[in-house]
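The first residue of the sequence shown is numbered 1, and numbering continues consecutively from there.
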Amino acid sequence: MAREFQRGHKAKISDLTPGTDLYVGVQIAAPGLTFDISCFGLDANEQLSDDRYFIFFNQPKSPEESIQLLGAQSGDTESFRVTLDRIPAAIQKLSFTATLDGSGQMSQIGPGYIRIVAGGEEVVRYAFTGSEFTTERAVMLGDFYLKDVWRFAAVGQGFDGGLDALLKNFGGEVAEEEAPPAAAPAAAPGFAPPAQAAAPPAFGAPPAAQAPQPAPSFGAPPAPTPSPAPQQPMHAAPTIAAPLAPQTPQAPSPYGQPHQPQQPQFGQVPGQGAPPAPPFGQQAPAPYGQQAPAPYGQQPPVGMPPGVPQGMPQGVPQGAPATGAGLQAALQPYKEAATGQRWTPQNQQLMRVDLTMGGSGVLARQGSMVMYQGKVDFGYKSAGFVGRAVGNATGQEMQLMRCTGRGQVFLAEEGSHLHPIELQGDAICVSAESVLAFDESLQYEVRRVEGHGIPGGALFTMQFQGTGTVIVKTHGTPVVLPVTPTTFADCNAVVAWSAASQVIVSTQVRLRRNAYPGHSGETVNLQFRGAPGNFIVVQPYEV
């Protein structure tokens with residue numbers, strides 16, 4: 001649950017979240033007014049000694065991309081991505097500000113907030129209203145500052161001047177603007193949508209016909225949808241995808257977007273969100289004369305065969321595919337999806353793990369690595385006595401490799417469908433043959449279900465418990481069934497089940513019937529028993 005801050009409250013970032021890849025969202029609006037929302041990267045003297053760290057509409061990211069302007073998403077008027085461990089040592093403070101673009105006063109604004117989201121969860125929110133201000137035309141909302149460790153402070157301090165005065169206050173210089181040509185038929189793109197008579201600025205919600213798309217997860221969960229407003233381009237730049245949000249029955253959103261029902265996956269996988277898109281029939285404009293960059297961590301929708309449920313992990317699409325022919329347009333649908341989360345499905349058969357997040361290594365099947373980026377070490381993980389016993393009994397010892405370092409590893413195996421299962425202190429049993437990889441922080445043990453007629457004499461399963469993610473592979477799309485007193489399954493088709501379920505080997509067809517032609521051949525299967533709430537996962541496949 002997010003912590004509610006009041007003006008003046010401070011806290012260490014490490015007390016709010018262990019993550020360093022953060023999403024910062026700002027919501028501020030008033031009828032007929034537009035706002036410039038910026039981030040100042042200040043030195044130890046709280047001065048803008050390097051103007052490359054003034055992040056605003058005309059300079060959307062810092063040189064090493066530790067601070068990035070993302071655009072309007074999830075009900076946020078503006079949003080940023082901040083990667084704390086990439087900020088250079090010279091930058092000691094990040095000040096997030098909002099200034100009026102045009103006439104008006106901060107006392108006219110409605111309820112607003114600045115919030116921090118990490119790993120798809122909102123961790124802190126500072127809310128404010130116009131009653132806290134009078135004639136100010138700018139407000140310093142919140143600060144990230146370095147004091148032995150990174151901390152966050154809710155500031156809420158008004159400032160009489162506008163953006164130019166605020167820039168001068170931080171030691172920056174205001175560049176003189178050239179007058180626009182008299183014959184220009186239309187004004188140059190503004191920082192924010194033009195003023196409206198009775199409606200707040202649009203937050204980038206797509207038209208009703210726009211299909212929602214999944215979105216990345218490094219940032220914020222969906223926020224309540226604001227009141228309808230006309231679709232207008234923000235900053236004359238494409239809206240970048242918003243972060244993941246845990247949504248049990250709902251899916252794709254980024255921020256403040258309409259939701260459609262989504263089939264939940266077995267396990268605890270965070271929900272997906274979809275970013276807003278440019279108006280129908282229009283290509284997303286580039287930021288001020290530059291070629292439009294590929295949105296952070298996004299790719300156009302990956303082609304999928306009909307019938308694949310929406311809830312299954314797919315590549316993370318962003319907007320419409322690039323128009324026109326050429327090599328870039330042909331490869332665009334297959335670009336890497338880097339969402340900022342530790343585990344990110346690239347498509348149904350390929351999983352990406354970011355070792356720079358989470359702090360622990362990953363254990364994966366030997367030979368499952370198809371590519372890696374960065375400085376990654378691969379070491380042999382001994383299976384131990386229990387693992388060798390599994391191999392001797394089944395002829396298929398599960399050999400693991402330990403992946404550590406700072407980089408990204410891509411995992412796959414024989415085109416199997418891959419499903420991330422996130423555990424939050426609970427437990428699950430997975431067939432040893434169905435385990436592809438898992439976080440080393442999880443506790444695990446091998447269990448044996450013995451029975452005559454089972455290939456190898458027994459079914460070996462791995463029980464995982466703790467906090468982390470298990471990647472399960474299946475042949476085709478699995479189905480999740482509740483455990484009842486009459487639940488039976490073929491031992492080769494079972495993928496996983498709840499740890500509290502009881503498994504019993506059952507012989508449903510008498511062996512003497514095998515002497516008769518046309519017998520079913522289903523001589524042995526598994527019976528599952530358990531209290532309501534237990535489940536099993538079955539794949540449409542048999543050996």
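For the atom pair OG1 of T477 and NE2 of H419, the computed distance is 6.5 Å after rounding to the nearest 0.5 Å. Note that CZ of R342 and CE of M357 are 8.5 Å apart. Values are rounded to the nearest 0.5 Å. One finds the CZ atom of R352 at 4.5 Å from the CD atom of Q408 (value rounded to the nearest 0.5 Å). Rounded to the nearest 0.5 Å, atoms CD1 (I67) and CG (L22) are 11.5 Å apart. One distance of note links OG of S360 with CD of E440; it measures 6.5 Å at 0.5 Å rounding. Separation of atoms CD (Q527) and OG (S501) is listed at 11.5 Å; rounding is to 0.5 Å.
Proximity of F464 to V430: side-chain heavy atoms (C-beta onward) are separated by under 4.5 Å at one or more points. Looking at F528 and L481, their side chains never come closer than 4.5 Å, going by heavy atoms from C-beta outward. For the pair V362/W343, a side-chain contact is recorded, criterion being any heavy-atom separation below 4.5 Å from C-beta on. A heavy-atom distance below 4.5 Å is not found between the side chains of V26 and T77. Between H417 and P478, the closest side-chain pair of non-hydrogen atoms is not below 4.5 Å. Put simply, the side chain of P420 reaches to within 4.5 Å of the side chain of M351, judged on heavy atoms. Side-chain contact between I428 and L423 is present, with heavy atoms from C-beta onward closer than 4.5 Å. Within the 4.5 Å cutoff, the side chain of V435 has no heavy atoms near those of the V472 side chain.
Of the candidates V409, T344, V376, I471, V409 is the only one forming a side chain to side chain contact (heavy atoms under 4.5 Å, CB included) with V353.
Counting only distance, with no hydrogens or angles, the side chain of T17 and the backbone of G19 share a donor-acceptor pair below 3.5 Å. Side chain of T83 to main chain of D85: no donor-acceptor pair is present (N/O by atom type, distance under 3.5 Å, no hydrogens or angles). Side-chain atoms of E121 never come within 3.5 Å of backbone atoms of A118 as a donor-acceptor pair (strictly under, hydrogens ignored). Put simply, the side chain of D439 gets close to the backbone of T469: a donor and an acceptor are under 3.5 Å apart.
Partners of F144 under the ring-ring contact (aromatic ring centres under 6.0 Å, His included) rule, at least two apart in sequence or in another chain, are F96, F152. Applying the side chain to side chain contact (heavy atoms under 4.5 Å, CB included) criterion to K10, with sequence neighbours excluded, gives Y145, A153.
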Determine whether V479 and V537 satisfy the following criterion, side chain to side chain contact (heavy atoms under 4.5 Å, CB included), listing intermediate values before the conclusion.
CA-CA 6 Å; V479 61; V537 183; over 6 Å; no
Determine whether R86 and E65 satisfy the following criterion, side chain to side chain contact (heavy atoms under 4.5 Å, CB included), listing intermediate values before the conclusion.
CA-CA 8 Å; R86 296 177 61 184; E65 300 186 0; 4.1 Å; yes
Taking it one step at a time, do Y23 and E122 satisfy side chain to side chain contact (heavy atoms under 4.5 Å, CB included)?
CA-CA 9 Å; Y23 171 95; E122 184 176 315; over 6 Å; no
The test is side chain to side chain contact (heavy atoms under 4.5 Å, CB included); show your working for Q348 and L418 and say whether it passes.
CA-CA 6 Å; Q348 285 185 311; L418 304 181; over 6 Å; no
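Residue pairs that meet the ring-ring contact (aromatic ring centres under 6.0 Å, His included) test with at least one member in residues 357-378, sequence neighbours left out, are Y372-F378.
Below 30°, between 30° and 60°, or above 60°: for F5 and H9 the angle between ring planes is above 60°, a perpendicular geometry.
If you check the side chains of Y113 and D76, you find a donor sitting under 3.5 Å from an acceptor. Checking Q424 against E422 by side-chain atom types alone, a donor-acceptor pair falls below 3.5 Å.
No more than 12 heavy atoms of other residues, nucleotides or ligands shown are found within 6.0 angstrom of CZ on R406.
Shortest non-hydrogen contact noted between I114 and F128 is N-CE2, 4.1 Å. Residues P111 and Q27 approach most closely at O-OE1, 3.2 Å, considering heavy atoms. Minimum heavy-atom separation, G71 to S79: O-OG, 2.6 Å. The heavy-atom pair separating K473 from S416 by the smallest distance is CB-CB, 3.8 Å. The shortest non-hydrogen separation linking M401 to L411 is CE-CD2, 4.4 Å. In terms of heavy-atom proximity, P482 sits nearest to T487 at O-OG1, 3.6 Å.
Checked for salt-bridge contact, D15 and R151 miss the test: no charged N lies under 4.0 Å from a carboxylate O. Comment: D377 does not engage R402 in a salt bridge, judged by the lack of any side-chain N to carboxylate O separation of less than 4.0 angstrom.
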